[in-house]
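Worksheet for the structure shown next.
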Amino acid sequence: MRYWLMKSEPDEVSIDDALAAANATVPWTGVRNYQARNFMRDAMQVGDGVLFYHSSCAEPGIAGLAEVASTPYPDPTQFDAKSKYYDPKSTPEQPRWLLVDVKAVRKTRLATLPQLRAHPELAEMQILKRGNRLSITPVTEHEWRCIIRDLL
DNA sequence: GCCAACGTTGGC
DNA sequence: GCCAACGTTGGC
């Protein structure tokens with residue numbers, strides 16, 4: 001069992017959107033970064049815990065809890081010429097981009113960046129490091145417990 | 001809208 | 001394989 005923080009722009013898929021989806025499950029489309037892809041491909045397992053993070057919005061922060069709900073499979077948007085995630089260099093025979101399904105568990109109180117930063121036990125979180133841009137980052141069990149205990 | 005940080009691209 | 005140029009991310 002591992003833990004992850006996954007960023008989503010709430011204008012695209014918010015925690016409310018995910019909870020409202022069939023089976024509260026959404027395909028995590030649009031990851032176009034190799035490091036993030038490799039986490040899904042190599043390290044994630046069904047049932048892993050997910051901090052659902054809202055990014056690029058008025059109030060960025062952890063907005064809910066979720067879990068990994070599938071093994072990795074090709075992201076269909078990479079083959080769709082009309083999608084903004086289209087990748088002309090990818091083919092169904094040799095897909096570049098993968099995704100997992102994510103099942104929303106519950107919405108939480110928003111844990112904002114200042115709140116996360118104020119917590120000494122969370123100082124090493126990737127999301128708080130300067131220049132952080134990775135949309136999927138591992139979270140330690142200690143960080144996970146700490147966030148749930150004190151912030152959500 | 002600004003801009004720092006970072007990833008990717010492509011010429012050499 | 002280097003590295004400058006360019007594009008993207010994302011908080012503010």
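So that the names make sense, note that chain A is the first sequence line, chain B the second, and so on, each numbered from 1. Just so you know, these numbers come straight off a predicted model, no measurement behind them.
- Donor-acceptor pairing under 3.5 Å is lacking for the side chains of A:Ser14 and A:Asp16.
- Using modelled atom types and a 3.5 Å distance limit, the side chains of A:Asp101 and A:Tyr73 yield a donor-acceptor pair.
- Residue pairs meeting the side-chain hydrogen bond (donor to acceptor under 3.5 Å, both in side chains) criterion with at least one member in residues 43-56 of chain A, sequence neighbours excluded: A:Trp4-A:Asp48.
- Evaluation of the ring-ring contact (aromatic ring centres under 6.0 Å, His included) test over residues 95-137 of chain A, restricted to residues two or more places apart or in two chains, returns A:Tyr34-A:Trp97.
- Ring centroids of A:Phe52 and A:Trp28 are separated by less than 6.0 Å, placing the two rings close together.
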Contact string for nucleotides 7-12 of chain C, one letter per nucleotide 5' to 3', B = base within protein heavy-atom range under 4.0 Å, S = sugar-phosphate only, - = neither, reads BBBBSS
